[in-house]
Amino acid sequence: MARIKTIGVLTSGGDAPGMNAAIRAVTRAGICNGYNIKGIYRGYDGLINGEIEDFTTENVSGIIMSGGTILKTARSKEFMTDEGKEKAYQQMQAHGIDALVVIGGNGSLTGAMEFAKKYDVCCIGLPGTIDNDLYGTDSTIGYDTTMNTIVECVDRIRDTAQSHERIFFIEVMGRDAGFLAQNSAIASGAEAAIIPEDSTDVDQLARFMERGIRKSKKSCIVIVSESPKCGAMYYAERVRNEFPQYDVRVSILGHLQRGGRPSAHDRILASRTGVGAIEAIMQGQRNVMIGVRNNEIVYVPLSEAIRSDKPFDRKLIQVLDELSI
Ligand SMILES: Nc1ncnc2c1ncn2[C@@H]1O[C@H](COP(=O)(O)OP(=O)(O)OP(=O)(O)O)[C@@H](O)[C@H]1O
Ligand SMILES: O=P(O)(O)OC[C@H]1O[C@](O)(CO)[C@@H](O)[C@@H]1O
Ligand SMILES: [Mg+2]
């Protein structure tokens with residue numbers, strides 16, 4: 001493969017706090033090491049449509065502290081087709097882009113992997129998603145900020161739950177992963193979490209109600225991981241039917257979880273992995289995600305990073321159970 005001179009950077013999938021810090025790090029580390037950097041707007045859609053701009057260090061001034069993504073983002077249906085990928089490749093050629101840095105979640109990195117396979121281009125992934133569902137990195141950019149946002153919301157809901165002696169089911173994001181739900185439940189002192197990782201044969205609601213009643217607490221907070229069928233509404237309805245003596249309310253936190261200033265942790269993770277992406281390119285790495293494991297930068301093949309079985313520490317379930325008596 002010819003020497004890489006120009007690197008394109010894009011954000012894709014749901015925005016996540018810290019994506020701007022990652023764009024800044026890729027741009028500045030790239031420029032420091034002699035590369036041309038091009039910002040690609042609106043994710044893969046922008047690549048397909050040629051929404052591409054030369055980036056200087058000024059393009060990324062004053063953004064480290066902002067949520068969202070200055071490059072905008074998209075969930076591109078077209079990139080999932082062969083024709084879409086072909087158009088994207090043609091645009092890369094036309095703009096002289098030799099390598100792509102894709103900041104996004106498991107879907108975005110799946111797209112990068114498929115693209116790299118088909119066209120033999122260098123794609124480097126950065127783990128940018130609030131869901132923390134990428135394999136091979138301890139945390140993803142955005143996860144820590146979102147966790148803190150959830151905890152702040154739960155603290156507030158706790159005040160009203162206690163005053164009215166109610167059970168609250170609070171629904172949080174996470175797609176198919178319960179990291180946000182389980183850890184925010186521990187951090188906010190919630191009474192229970194209902195998560196996909198624990199949904200095998202146990203009725204999580206029955207288990208909680210049994211424990212909850214034993215505890216004779218008058219107000220309870222249950223964090224529920226989003227799910228198309230069994231979200232917070234579903235469990236609240238069940239309690240209304242099966243335990244009519246309780247006063248139940250639901251709060252779905254929704255997209256407020258994705259906004260806001262990134263935490264220091266996410267800014268540092270984004271900065272380290274952004275610099276790591278440029279170092280990886282300089283070392284001739286291809287088609288890897290830059291992660292951090294045990295405080296060390298790691299290169300995770302994209303095919304590994306998108307695995308759907310990121311380990312979930314079941315000890316966390318016990319921690320929550322024992323501390324919520
Ligand atoms: N198999 C695939 N082939 C090509 N592109 C894909 C593929 N899977 C996903 N993508 C691209 O990645 C985009 C983002 O994926 P997705 O909506 O799953 O979000 P994500 O990157 O996982 O982020 P998050 O989960 O945080 O929102 C998709 O809209 C699509 O453009
Ligand atoms: O903003 P959208 O497209 O509704 O996506 C929501 C989804 O994106 C995420 O915020 C990030 O993947 C999920 O937790 C959530 O299910
Ligand atoms: Mg995802």
Side-chain angles (χ1 to χ4, degrees), residues 10-19 22 40-49 51 67-69 71-89 91 100-119 121 123-135 137 139-147 149-150 170-184 195-196 223-232 252-260 262 266 270 287 289 302-303 305-310:
L10 63 82
T11 48
S12 168
D15 61 299
M19 278 183 163
I40 301 164
Y41 289 87
R42 296 180 182 78
Y44 293 122
D45 277 345
L47 182 58
I48 290 169
N49 299 324
E51 296 182 67
T69 158
L71 285 176
K72 318 293 181 194
T73 188
R75 302 193 197 276
S76 169
K77 287 205 174 74
E78 200 176 355
F79 193 68
M80 300 184 82
T81 66
D82 285 348
E83 297 73 34
K85 287 194 193 70
E86 175 62 29
K87 284 191 205 164
Y89 182 67
Q91 290 287 2
L100 274 186
V101 176
V102 174
I103 308 167
N106 52 354
S108 301
L109 301 198
T110 304
M113 183 186 71
E114 308 249 312
F115 188 59
K117 242 190 253 165
K118 199 165 160 59
Y119 290 101
V121 290
C123 289
I124 303 290
L126 291 193
T129 173
I130 65 164
D131 297 339
N132 197 32
D133 55 357
L134 282 159
Y135 193 98
T137 186
S139 184
T140 55
I141 299 162
Y143 171 64
D144 179 71
T145 306
T146 295
M147 181 96 68
T149 303
I150 294 172
I170 303 177
E171 185 172 302
V172 301
M173 285 184 170
R175 191 82 72 176
D176 304 313
F179 298 104
L180 279 173
Q182 187 68 30
N183 284 311
S184 65
I195 53 168
I223 311 288
V224 184
S225 203
E226 67 177 342
S227 151
K229 285 200 194 123
C230 304
I252 296 175
L253 299 188
H255 288 80
L256 70 80
Q257 294 165 88
R258 279 220 308 245
D266 280 332
N287 313 333
M289 177 190 79
L302 291 177
S303 56
I306 60 167
R307 277 170 60 160
S308 57
D309 57 344
K310 176 166 181 162

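Since this is a predicted model, take the numbers as computed values, not measurements. Ligands are counted one by one from 1 in listed order, and the atoms in each one are counted from 1 as well.
- For a threshold of 3.5 Å applied to N or O pairs, the pair formed by Ala74 and ligand 1 contains no separation below that value.
- Residue Lys77 does not touch ligand 1, judged by heavy-atom distances below 4.0 Å.
- Closest protein heavy atom to atom 6 (C) of ligand 1: Gly111 CA, 3.6 Å.
- Here the shortest heavy-atom distance to atom 25 (O) of ligand 1, taken over Val102, Asp131, Ile48, belongs to Asp131.
- If you look at Phe115 and Tyr44, their ring centroids are not closer than 6.0 Å.
- If you check the side chains of Thr145 and Asp266, you find a donor sitting under 3.5 Å from an acceptor.
- Summarising the contacts of atom 15 (C) of ligand 2 with His255, Glu226, Arg258, the nearest heavy atom is found in Glu226.
- Proximity to Arg175 (heavy-atom distance under 4.0 Å) selects the following atoms of ligand 1: 25 (O), 27 (O).
- Side chain to side chain, Tyr143 and Asn183 meet the donor-acceptor criterion of an N or O pair below 3.5 Å.
- With atom 11 (C) of ligand 2 as the reference point, the heavy atom nearest to it among Asp131, Asp133, Thr73 is part of Asp131.
- Heavy-atom contacts of Ile130 reach the following atoms of ligand 2: 10 (O) (cutoff under 4.0 Å).
- A salt bridge is defined here as a Lys NZ or Arg NE, NH1 or NH2 lying under 4.0 Å from an Asp or Glu carboxylate O, and Arg175 with Asp133 fails to meet this definition.
- Here Lys87 pairs with Glu78 in a salt bridge; the nearest charged N to carboxylate O distance falls below 4.0 Å.
- At least one side-chain heavy atom of Tyr89 sits under 4.5 Å from a side-chain heavy atom of Val121.
- Tested against Leu134, the residues Leu126, Leu302, Thr129 include a single side chain to side chain contact (heavy atoms under 4.5 Å, CB included) partner, Thr129.
- Here the CD-CG distance, from Glu51 to Asp45, works out to 8.0 Å after rounding to the nearest 0.5 Å.
- The shortest contact between atom 13 (C) of ligand 1 and any protein heavy atom is with Ser12 OG, 3.7 Å.
- Remark: minimum distance from atom 7 (C) of ligand 1 to any protein heavy atom is reached at Met80 CE, 3.6 Å.
- In this structure, Gly174 has a heavy atom closer than 4.0 Å to ligand 2.
- In summary, Ser108 places no N/O/S atom under 2.8 Å from the Mg ion (ligand 3), failing the contact criterion.
- Under 4.0 Å from ligand 2, not a single heavy atom of Gln257 appears.
- Looking only at protein heavy atoms, the nearest one to atom 17 (O) of ligand 1 is Arg75 NH1, 2.8 Å.
- Considering only heavy atoms from C-beta on, Met113 comes within 4.5 Å of Ile306 through its side chain.
- Nearest non-hydrogen protein atom to atom 26 (O) of ligand 1 is Thr129 OG1, 2.7 Å.
- Ligand-side atoms of ligand 2 in range of Arg75: 1 (O), 2 (P), 3 (O), 5 (O), 6 (C), 7 (C), 8 (O), range being under 4.0 angstrom from any heavy atom.
- Within ligand 1, counting atoms from 1 as listed, the ones closer than 4.0 Å to a heavy atom of Gly105 are 20 (P), 21 (O), 22 (O), 23 (O).
- Note that Lys85 lies outside the cation-pi zone of Tyr119, set by a 6.0 Å cut-off to the ring centre and a 45° limit from the axis.
- With values rounded to the nearest 0.5 angstrom, Leu100 atom CG is found 10.0 Å from Asn287 atom CG.
- Ranking the protein heavy atoms by distance from atom 22 (O) of ligand 1 puts Asn106 OD1, 2.6 Å first.
- Looking at Thr73 and Arg42, their side chains never come closer than 4.5 Å, going by heavy atoms from C-beta outward.
- Contact annotation for Phe79 and ligand 1: heavy atoms of both the backbone and the side chain come within less than 4.0 Å of the ligand.
- Of the candidates Gly107, Gly13, Ser108, Ser76, Ser76 brings a heavy atom nearest to atom 28 (C) of ligand 1.
- The protein heavy atom nearest to atom 1 (N) of ligand 1 is Thr110 CG2, 3.6 Å.
- A side-chain donor from one of Asn132 and Lys310 sits under 3.5 Å from a side-chain acceptor of the other.
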